[in-house]
Structure formats: structure tokens, C-alpha cells
4 protein chains.
Amino acid sequence: MVKDAEQTKQNIITAALELFTEKGYYETKVSDIVKRAGVAQGTFYLYFPTKESLFIRILNNTNQAMLEQIEHIFAEKVSLEMSEEEIKESLFATIKGCKTMYREHRDIMYILRVHGVSQIPEVQKIMEEADQSLHRIIIHLFKKFQLFPEYDQNAYEIAARAIHGMLTETCLHYIILQESTEEDITKVARVLTEMIYDMTLGSK
Amino acid sequence: MVKDAEQTKQNIITAALELFTEKGYYETKVSDIVKRAGVAQGTFYLYFPTKESLFIRILNNTNQAMLEQIEHIFAEKVSLEMSEEEIKESLFATIKGCKTMYREHRDIMYILRVHGVSQIPEVQKIMEEADQSLHRIIIHLFKKFQLFPEYDQNAYEIAARAIHGMLTETCLHYIILQESTEEDITKVARVLTEMIYDMTLGSK
Amino acid sequence: MVKDAEQTKQNIITAALELFTEKGYYETKVSDIVKRAGVAQGTFYLYFPTKESLFIRILNNTNQAMLEQIEHIFAEKVSLEMSEEEIKESLFATIKGCKTMYREHRDIMYILRVHGVSQIPEVQKIMEEADQSLHRIIIHLFKKFQLFPEYDQNAYEIAARAIHGMLTETCLHYIILQESTEEDITKVARVLTEMIYDMTLGSK
Amino acid sequence: MVKDAEQTKQNIITAALELFTEKGYYETKVSDIVKRAGVAQGTFYLYFPTKESLFIRILNNTNQAMLEQIEHIFAEKVSLEMSEEEIKESLFATIKGCKTMYREHRDIMYILRVHGVSQIPEVQKIMEEADQSLHRIIIHLFKKFQLFPEYDQNAYEIAARAIHGMLTETCLHYIILQESTEEDITKVARVLTEMIYDMTLGSK
DNA sequence: AATGAATGAGACTTCATTCAT
DNA sequence: CATGAATGAAGTCTCATTCAT
């Protein structure tokens, strides 16, 4: 039945994601995955040709979802006419949106950031593309608000990466590495909002 | 002779570091290491009880050196009496010092950040301690300059991590992932100096 | 319906024969067969208890047919009263009949001779019986024409096998291993006719 | 020690040849080989990268030896000036030499002829080359004695193959498939000598 | 101090066969 | 009759580690 097959596949994906999160890609064996999914060894290969392909599949799923969420989070919510308070509020919402998104995909972020899977070229490619698209959005905002007017493209990229680093490093510790409450996220986002605002609009 | 033994050990360490950098911990086999080091398989185990212990040994070497360098880089070079120009210059020197240090230890940073080796608990511990000590220094500076006076300890840590993230993310891309010239480093450090100055002293 | 069932079975047999010919018995998987036959995996086992039994079934089909053809080909077409020309013509017809028969069953001959399937005891038995019956006919002809009057039974068998070897080796290369035209077959048969005639009647 | 290594390798080769002979290539598992050789599973892969490579290695060994033997066996022992008796004796010696050679390499011949290993392209290539070189020699003799003067190259090849078939088919049954005594071989060679002499020189 | 052959547990993967629907 | 998901035994191969020399 179609339903059983889909269910089995999902069970395998779920079990794998859990295990990759717990032990990393390399330390997770196909035998662990099938054991947790409650299926036989051979069943795994009915759905995924290799362990690697399963991982890429999971990564792509998440990546797809995150890219869409990023679009949405960064959708033009600020305008030049806003007051300082309004801009800060919008910035805060954006940052918090990011954090929440990372929390939602905590498992896969954990694997990527903590365990590292970059031996697989496909994985590297996906990650780079994801980074790129976030940088594009940040640079777009820089230009819109005419921040750093003296910067060249290279300097913009450095600045975008720096902002990106602020977001991911704090996410890593407060969201990915530990369970975090709504309140925790709010606090982190609040601090980052202040810092970023000061660094950008606040100092102009 | 003692000298030969020391040399052999060093050959193994060097070969291993190269290979870990090229292929990551999991994809580097003991057989690869001994081949490159030009010794027999058994010789490896004369110097290191396990492959893991070799990695930890390498990591510790680097870590030790980096901690000392960090102390030195962040040694009180700024004071409250300095002019804006002087402070900026000092900040720039510090950031550039960090970058240069990362470049020096590019290999091991590459392994840790790109390949990921956190399956090994010992490795996690070492990395966390390194992070902690950098954060302590940053927070100390925050307090010295009475930045963010309204922050509690938690908020300070978030801010420190955010600064840390700016440094490491830009290092990752401009120094660890690619060969970088003195000039490249200077440029990255210059941009970061501006950003951090604006974010902290500049906005007060 | 009975008709559909028979059709399904035939589809499986046809697909299997093609695949066995292309890849040999061991490299042909049941999954390949059902895929080409356009039926589900389980359907296979509705008609054949095992993969091996399917092969034996195919082999038996062919063997049955070939035995009958051999009878027919070697049916007494020569008599002691014939002229040299007539005998040669009859010999030629016989040899060519053999070749044509081999060509007709090229697939299965290919599998047996090129891929080898003799791990299966049943298969060995069938092949041996087929050989035996051909030898009996050849020996019968030897005796009829009083060739090799000094031979004992053992020597007759050796001679029969030698003739058999001439036929099969040339068949293997000119008929089984390559597509062959009517003309090709004629040529091979013509050469063999000369050789065999010289070896037997011609030298008496 | 070099000696141990060589010995171990030889043990593996010997065990493998025995098993390939008994069960064929496909039914012989690496685990069978190491068990019989008295070494651990991993040891196998110290000497041979794959099971296939071991087989090819064995085949090449034999093939090399046989080619040299063939050269020797067929070395010009006949001349146009010889008497019928002398020629027959020389022919007999040649045929018997072939038989003896096949007996010496009975194992590998058995595998090739009975089990079939032609899925492996390398194996096919080696076998074809071996056949070719035998045919060349036979054709050379045809021409030397001006047998079949009316034949074209193609007809020569057919005739050579036919002779080859006589030799191999009788070898297969009297030498490869069963233990054979010196006497058995002599008898088979005697019969073949008569047949081939009649077919060629005898009828001119 | 060094060698390198040997080990064996265990990884990934395949595939003939079963069985609930 | 037919399906196709599921099974699990068994195969090939890897590699960190040991040990006799």
C-alpha cells in the first residue's frame, strides 16, 4: 500500500535525523537507523540507495523549507520613513524570526554545525548556496539604507558575513546546543537588535 | 636515539595534520598517516595509543599556543584616556592579531570548523574552554569601557558571543577556507574594526 | 483467465531468456526479470518456485526441442550404396542442419557455453544427456559404414567426441558468438564436410 | 618476514584454486577461501584488492605457462621430408603434449570450461588471446604442408577451430572432467592422431 | 625503537524469497 | 491472480589495533 510505504520511509527519515543529531553522520550506522525505525536492514535500501543519499535528502528538505522561511522573514518590513522605534521593532522581529527558524530546524543545524559533514560535496554545495542567499538579502538592506556608502562589494560581503556570524554563533549556543524557551530567544534577539542597530542605523 | 624518536613522532604529527586537513578526521586512515610519515603501521602505536589520542594531542598543541596568543593579543592595549583614533587603532590591531593567529593555525581550524570532529567528547571540551576564555576577555573589555551598562551577565555573554561570531565567521571564509594575503587580512580587520567600534564606543 | 496466466508465464520466460543471454545466470536478478516482464516481484513466485527452477525449465524446453531436431537431422539419409558425391551432399546437409539448429537456439547455447551454469547439478545432467544422445548417433554411423573397424567402444567414443568437438567449437564461434547469415553457415558446413569426409570415408 | 607473506599469499592462491575448481567462481566466497587458507578475512585483502583480481591473477599465471608450453609443444618437429610413420609419430607427440599440458592445468581449465567466468571482461580477453595463438600455429602448419591449398583465410580459420575443437572437447571429457592416467591420455592421443592424419596428410 | 603481517569485528549493501492485502 | 513492501541471511570489503620478530 502506498500509505505503508510512505510511512516506512518517514519512519526511516525520522529515525535517521534523530541519530544523526545524537551521534553525527559518521557515527550513525545504517544498522542503528533501521533498528530505531523498526524495520529490517534491507528495507532501508528500498527507499534510499545509500546512507549518503538519505542524508542529502534530509538536508535538502530542511534547506528548502529554510530558504522559503528566510524569504518570508526578511520580506521588506522596514522603510526609510519609519521612526527609530519602528525600525528597531522590525529589526527585532526579523532577528527573532531567524532564531525561531533555526530552532525549528535545530536537529539539522546541529548536525551541520557541530558534527560537520562536509566530506560530502553535495552537502557543501547546499550549505554554500544557503549562506549566499542570506548574504544577498543583508547586502540589499545595507544598500537600501545607504549604510556604509564608502564600501565596495567586497567590503559589503565582509560586513554581511560578520552580521551572519553574529546570528549563527548566538544561535549555535543558545538555540542549537540547548533547548531554548520563547523567553530565551526573545532575550538573545533583543541584545542582537541593539547591537546591530547601533552598528548600522544608530551610528549614522 | 631520543632525537630519532622525537623526529618520528613529529613526522607522524605533521603527516596527520596534513591529512586531517585534507580529508577530515573520519576519512583519514591510520594507514594514510603512516604512509605519508614514512613509517610502518606498528610504529604509529609506539607513539599514540589510538588515532583519537593523536588528534587530541594535535588539538591540544594548537589550543595551548592559541590561548597564549590570545592573552597576548588582548593584553591591555587600550585605556579610557585614549582618543577615538587611538582606540580604533588599538581595536584594529587586536582584530588583526586574531586573524593572523587564525591564519597561523588554519589547518586545525579548518578541521574543527569544516570537517567537524565533535563526536569525540574530549574535543568538545577543549573547544568550549577556548571559547570561554575568549568570551571572558571580551566581557572584561565591555565592563572596562562601561559599554552596555544595563546588561546582566547573560546579556554580556550574548554580546560576547555575537562579537566572537563576527570574528570567526569572517575568519572562516576569508582566512580558513582560502589562502589569504596580508592585505586581505588587513581589509577584513578594517571593516570589522569599523563595525565593532560603531556598535560599541561609537554609539555612546 | 487461463490465457492471461499463460501469457504472464511466457512473458517471464521470454524476459528471463533475454537477460540470461545478456548477463548470464548469476548476474541476472529476479528483480531484472520481473521488471522486463512487466510484472510484480511476487508474481514471479506464482509461476516458478525459484530462480533456478525457471532456468531449468527454459533449458528443458530447448533441450527437448533440440533432441527432436537432432533425431530428424541425423535420420538415415545416407546408405552404403550412395556415390561419393551423394554421401558428401548428405553429410553436408546433416552438418548444416546441426548448425541451423544451434543458431535457432543461440540464446540458450550462449548461456551454457559462454556464461556457464553448471553449478546447478540438474543442468549438468541435462547437458550430459544431450551430449550422450548425439554421440550415440555418431557412433552408429561409424559402425554402419564400418569406419575404424579396429576401434573398441572406448575409441569410438573418443572419435565421436572429437567430431562433436569440431561441430560445437565452430558453432560457438561462427554461430553462437556472432550473428551469422545463411551464407556463413553454408561456408562453415562446407569446410567441415570436407574435413570429416576426408577423415572418415575419404581415407578408406 | 618476506617469506611469511609470500607463503600466505600462496596459501590463499592454492585454496582459491581448489575452491574455484570445486564450486566455480560465483559460488566460491571469500570467506570460503580464507577459511581453507587458514587466515583471517582481512588477510585476503592484504594481498588481493578484490576476489576478481585474485581470479585474474590465477588465470594469468596459468595462461602464461600454457602459452610457453604451447610454443614448445608445437615447435617445428615435422618436416616435409619425413616418412608417413615419422610424421604420424611427430603428430602424436604434439597431441599428447597438448593433452598433458591440459592435464597439468586441469583445475583452471575446469573452471573456465565447466563453470564459466565470462562475466569478467578481463577473463574473456585472456581466453580469446590464448585461442588465437593456438589457431595461428595450426594455420601455419596447414600452410607449411600445403594442405587445403584452395582455402582462403576464413576457411583456414574454420579448419583450425575445428581441429581445436577436437582437441578441447576430448580433453574436456577425458582429462579435465576426470582423473586420467598416462595410458588414458595415450589412447586419446592415438585416436586423434589417426583422425587428424587421415583428415589432412593422409588424404592428399 | 621499528617493522609489517595478521586480525576480526563490523560496516555497507544485495537479493532471493515471503506474505499481507 | 496479482501486488510490492518487507525480510534477513549472507556477501564483500575496511580499518583500527595487535604482536611476533
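Fair warning: this is a prediction, and the values are worked out from it, not measured in the lab.
With distances taken from any side-chain atom of A:V39 to the nucleotides E:dC12, F:dT7, F:dC1, the minimum falls on F:dT7. Among the nucleotides E:dA16, E:dA5, F:dT12, the one closest to the side chain of C:V30 is E:dA16.
Applying the side-chain contact (heavy atoms from CB on, under 4.5 Å) criterion to A:K35, with sequence neighbours excluded, gives no partner residue. Among residues two or more places apart in sequence or in another chain, the side-chain contact (heavy atoms from CB on, under 4.5 Å) test is passed with A:T21 by A:L17, A:D107, A:Y110, A:I111. For B:E122, the salt bridge (Lys or Arg N to Asp or Glu O under 4.0 Å) test picks out no residue, with sequence neighbours left out. Qualifying salt bridge (Lys or Arg N to Asp or Glu O under 4.0 Å) partners for C:E27, counting only residues two or more places apart in sequence or in other chains: none. Contacts of A:K125 classified as salt bridge (Lys or Arg N to Asp or Glu O under 4.0 Å), with partners at least two apart in sequence or in another chain: none. Partners of C:A15 according to the side-chain contact (heavy atoms from CB on, under 4.5 Å) rule, which considers only residues two or more places apart in sequence or in another chain, are C:I33, C:R36, C:A37. For D:E104, the side-chain contact (heavy atoms from CB on, under 4.5 Å) partners at least two apart in sequence or on another chain are D:Q69. Legend: residues meeting salt bridge (Lys or Arg N to Asp or Glu O under 4.0 Å) with C:R106, ordered by chain and number and at least two apart, are C:E179.
Residue contacts for C:Y47: at a heavy-atom cut-off of 4.0 Å it reaches the sugar-phosphate backbone alone, with no base atom in range.
DNA chain F contains the following stems of three or more consecutive Watson-Crick or G-U pairs, with both distances under 3.5 Å: E:2-21 with F:2-21.
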Could you pull out the protein-nucleic contacts involving nucleotides 18-20 of chain F (nitrogen or oxygen on both sides, under 3.5 Å)?
none

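Residues of residues 11-19 of chain D that place a heavy atom closer than 4.0 Å to DNA chain E do not occur.
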Under 3.5 Å, which donor-acceptor pairs link side chains of residues 52-59 of chain D to any protein atom two or more places apart or in another chain?
from: D:S53; atom 1: OG; to: D:T50; atom 2: N; distance (Å): 3.3
from: D:S53; atom 1: OG; to: D:T50; atom 2: O; distance (Å): 2.7

